[in-house]
Protein chains: 2
Amino acid sequence: MNKMITIKDVAQKAKVSTATVSRVINGNYPVSDQVRENVMATIKELGYRPNVIARSLKCNKTYMVGMVVPDISNNYFMDIARGVESVLSPLGYSLIFCSTDENTEKELRLLNALNERRVDFVLLASSTQDSGKLKHFIDQGMNIIMIDTKLDELQTDLVVEDNHNATYKLISYVIGQGHQRIGVVNGLMGVSTARERYEGFCQALTAHHIPIEPSYRVEGAFDRMTAYEEVKRMLQRNMHDLPTALFAANNDMAEGTMMALKEMGLRIPEDMSLVTFGDINIPELIEPRLTIIAQNAGLIGQKAGELMIKRDNNTQEDREYEKIIIPAEIIIRDSVKLMDH
Amino acid sequence: MNKMITIKDVAQKAKVSTATVSRVINGNYPVSDQVRENVMATIKELGYRPNVIARSLKCNKTYMVGMVVPDISNNYFMDIARGVESVLSPLGYSLIFCSTDENTEKELRLLNALNERRVDFVLLASSTQDSGKLKHFIDQGMNIIMIDTKLDELQTDLVVEDNHNATYKLISYVIGQGHQRIGVVNGLMGVSTARERYEGFCQALTAHHIPIEPSYRVEGAFDRMTAYEEVKRMLQRNMHDLPTALFAANNDMAEGTMMALKEMGLRIPEDMSLVTFGDINIPELIEPRLTIIAQNAGLIGQKAGELMIKRDNNTQEDREYEKIIIPAEIIIRDSVKLMDH
DNA sequence: TTGAAAGCGCTAACAG
DNA sequence: CTGTTAGCGCTTTCAA
């Protein structure tokens with residue numbers, strides 16, 4: 001290991017105190033021009049780089065943010081991350097990404113690690129219902145900002161989508177196209193997004209006096225494989241009376257659903273209509289173009305970042321927690337068949 | 001902010017010294033069972049969590065590794081990251097991901113930030129040719145492990161793919177199918193992967209006495225949009241004499257190429273054959289199935305992680321740097337047309 | 001405007 | 001086995 005050059009070395013060489021060097025670096029206290037230039041020159045000469053770790057210890061601030069999401073490979077979360085980064089990176093923050101794989105235990109373990117690392121904030125898309133454990137972290141002073149999902153019992157800042165309304169509108173559209181037998185490919189109901197999207201779904205059916213058919217419903221992890229397998233199974237068990245349309249509750253499940261349909265030889269939309277919450281990967285290459293709820297992941301990230309900054313500048317403990325709801329837009333394309341009445 | 005509970009609080013309450021508490025936590029020095037249990041109980045009672053920052057400062061080790069890649073949204077790099085994580089996470093390391101967008105300046109800026117953060121290692125898929133600047137970091141004691149790309153002038157551990165040979169084989173196969181006019185959609189030649197893949201490509205043509213047609217060559221950033229636009233332009237300018245096959249030098253460019261082909265109404269493989277280095281997203285949904293070089297991203301990450309651990313355990317400065325070359329396998333599917341001779 | 005000095009929370013000699 | 005103590009590199013009073 002190369003010997004580390006410290007503020008002390010700089011001070012010595014420049015014949016000033018370490019305090020002065022510190023002041024020059026941070027520019028937060030007056031320093032005479034002459035001294036500043038001298039110190040600057042010495043810093044460059046020695047190739048000195050401030051040690052962020054030492055600073056963190058002293059200042060009790062790490063300029064690190066943890067981002068805990070179910071699946072880091074999902075583009076939706078990567079897009080959120082980019083949004084966050086666009087706001088935070090210029091301020092000197094670094095992001096630590098963590099994938100929970102929708103596993104409560106892993107989620108808790110990751111949060112614990114981030115807690116010990118003393119990250120300044122955690123952006124959390126939780127897959128757990130264990131608000132008690134999360135509350136424990138908050139009580140310990142951890143700054144959690146929830147994204148995508150929420151836990152009602154928890155006092156945190158929050159950036160989520162308008163799951164219920166968006167789904168309601170989307171399903172209403174499907175019904176308007178003449179569909180009566182609509183299936184739903186959903187995540188685990190323990191997660192708020194799954195719950196809210198399902199409620200929107202049900203409410204749309206109910207509002208149009210369509211009974212909800214439990215056997216058309218699939219529930220599982222929010223991922224491609226689960227959707228693929230469960231949809232296959234669901235369709236097989238309903239072979240005698242297939243649904244005419246399917247609603248996939250996220251982008252990954254949409255892809256899995258399409259894989260299942262393809263394998264079973266069911267064409268979209270001729271044999272089965274499909275609508276989804278969030279868009280699939282490379283939609284440009286896939287036929288037909290899907291009718292979807294377009295999410296605004298970048299904006300979610302950006303808002304979360306801004307919330308963080310706001311809270312960071314405002315040390316008053318009693319500031320209200322903010323709930324930001326990002327509207328989601330419906331994009332009608334070609335994956336819903338117009339049924340004869 | 002909640003008052004932080006320190007090792008001192010624990011020591012006081014348990015009526016032992018801080019050293020003893022430290023020993024109990026780390027388990028690296030003998031402590032009597034009785035004392036240990038007492039301390040453990042106190043830790044739990046107080047909800048004490050060790051402060052990793054303080055530990056880092058003292059031990060000169062952060063248990064953080066930076067991962068710097070051109071595009072964090074590219075599944076290839078995410079897969080590498082997962083491989084790395086599978087090795088490192090159990091050892092208590094956290095990963096900081098950074099995207100350079102193939103921008104040299106940004107790459108250097110990110111490396112600098114990681115350097116100041118005193119990450120233990122950096123896994124770098126570099127897009128720059130400026131080995132001088134990188135060498136500067138290494139001289140400062142930064143531990144860089146190069147992945148995917150390499151810089152010949154640089155003394156580092158290395159995990160890369162067998163770009164040249166894999167491409168040679170793939171293109172030879174294409175030629176074997178009767179193709180003589182083969183285009184290449186490549187990344188910037190400043191990057192080693194682009195260079196090596198191009199060399200493999202050229203060598204295959206040359207070995208079969210096929211002249212290299214410069215106007216069939218596209219060069220640009222390793223991303224989807226670039227490929228899409230440049231391929232469109234390239235095909236338009238060769239309308240009178242199109243290539244019969246295209247080689248895309250990475251997964252993103254393959255997708256962009258497919259978008260261009262689709263838009264121009266060229267079917268794969270009837271009108272244009274396509275082979276690629278690395279597979280596209282959701283290949284299950286795309287027709288036809290592509291003939292590709294299958295990368296083993298997870299293995300690259302794993303090897304890089306292992307290299308890191310090895311170096312970490314071996315403080316001898318003089319240890320040889322290791323060059324690991326991951327073989328890449330060709331998967332023949334349906335995207336190359338058999339030409340009449 | 002500058003310097004001296006006291007820590008931030010932790011670990012690791014060293015001494016007992 | 002356990003306690004004392006000296007820092008890790010930095011910031012920030014407090015005094016000058």
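Quick note on labels: first sequence line is chain A, next is B, and so on, each numbered from 1.
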Within this structure, what is the [atom1]-to-[atom2] distance between [X] and [N], rounded to whole angstrom?
| X | N | atom1 | atom2 | value |
| --- | --- | --- | --- | --- |
| B:I53 | C:dG9 | CD1 | P | 12 Å |
| A:I25 | D:dT11 | CD1 | C1' | 10 Å |
| B:Y63 | C:dT11 | OH | C1' | 13 Å |
| B:R117 | D:dC10 | CZ | P | 15 Å |
| B:N60 | D:dC10 | CG | P | 11 Å |
| B:K61 | C:dC10 | NZ | C1' | 16 Å |
| A:L57 | D:dG9 | CG | P | 12 Å |
| B:Q34 | D:dC1 | CD | P | 12 Å |

### Five-pair end axes of the helix from C:dT1-D:dA16 to C:dG16-D:dC1, angle between them (10°)
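One end's axis against the other's: 40°.
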Listed pairs, N/O of protein and of nucleotides 1-4 of chain C, under 3.5 Å:
from, atom 1, to, atom 2, distance (Å)
C:dT1, O3', A:S32, N, 3.4
C:dT2, OP1, A:S32, OG, 2.7
C:dT2, OP2, A:S32, N, 2.8
C:dG3, OP2, A:S17, N, 3.0
C:dG3, OP2, A:S17, OG, 3.2
C:dG3, OP2, A:T20, OG1, 2.5
C:dG3, N7, A:R23, NH1, 3.2
C:dG3, O6, A:R23, NH2, 2.5

Proximity to the side chain of [X] - top-ranked nucleotide from [options]:
| X | options | answer |
| --- | --- | --- |
| B:K58 | C:dA12, D:dC10, D:dG7 | D:dG7 |
| A:N51 | C:dG9, D:dT11, D:dG9 | D:dG9 |
| B:Y48 | D:dT11, C:dC10, D:dC10 | C:dC10 |

Should the heavy atoms of other residues, nucleotides or ligands under 6.0 Å from [atom1] of [X] be counted, would the total exceed 12?
| X | atom1 | answer |
| --- | --- | --- |
| B:K133 | NZ | no |
| B:K61 | NZ | yes |
| A:Q34 | CD | no |
| B:K8 | NZ | no |

### 5' priority, DNA chain D, between B:A54 and B:D33 [closest heavy atom]
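Of the two residues, B:D33 wins.
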### Task
Determine whether the side chains of A:S73 and B:R82 contain a donor N or O and an acceptor N or O closer than 3.5 Å.
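Result is yes, a qualifying pair exists.
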### Query
Does a nitrogen or oxygen in the side chain of A:N28 sit under 4.0 Å from OP1 or OP2 of D:dT12?
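Checking A:N28 against D:dT12: at least one side-chain N or O falls below 4.0 Å of OP1 or OP2.
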### Task
Taking only the side-chain nitrogens and oxygens of A:S22, find out if one of them lies under 4.0 Å from OP1 or OP2 of D:dT11.
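Looking at the OP1 and OP2 atoms of D:dT11, one of them is under 4.0 Å from a side-chain N or O of A:S22.
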### Under-4.0 Å salt bridge between B:K135 and B:D139
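The answer is yes: the pair qualifies as a salt bridge.
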### Query
Is any side-chain N of the basic residue among B:E322 and B:K310 closer than 4.0 Å to the acidic one's carboxylate O?
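Yes, B:E322 and B:K310 are salt-bridged.
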### Task
Take B:R117 and B:T62 through the side-chain hydrogen bond (donor to acceptor under 3.5 Å, both in side chains) test and state the conclusion after the steps.
CA-CA 8 Å; B:R117 275 200 190 285; B:T62 57; over 6 Å; no
### Message
Going by the rule ring pair (Phe, Tyr, Trp, His ring centres under 6.0 Å), which residues pair with A:Y48 if we only count those two or more places apart in sequence or in a different chain?
### Response
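None.
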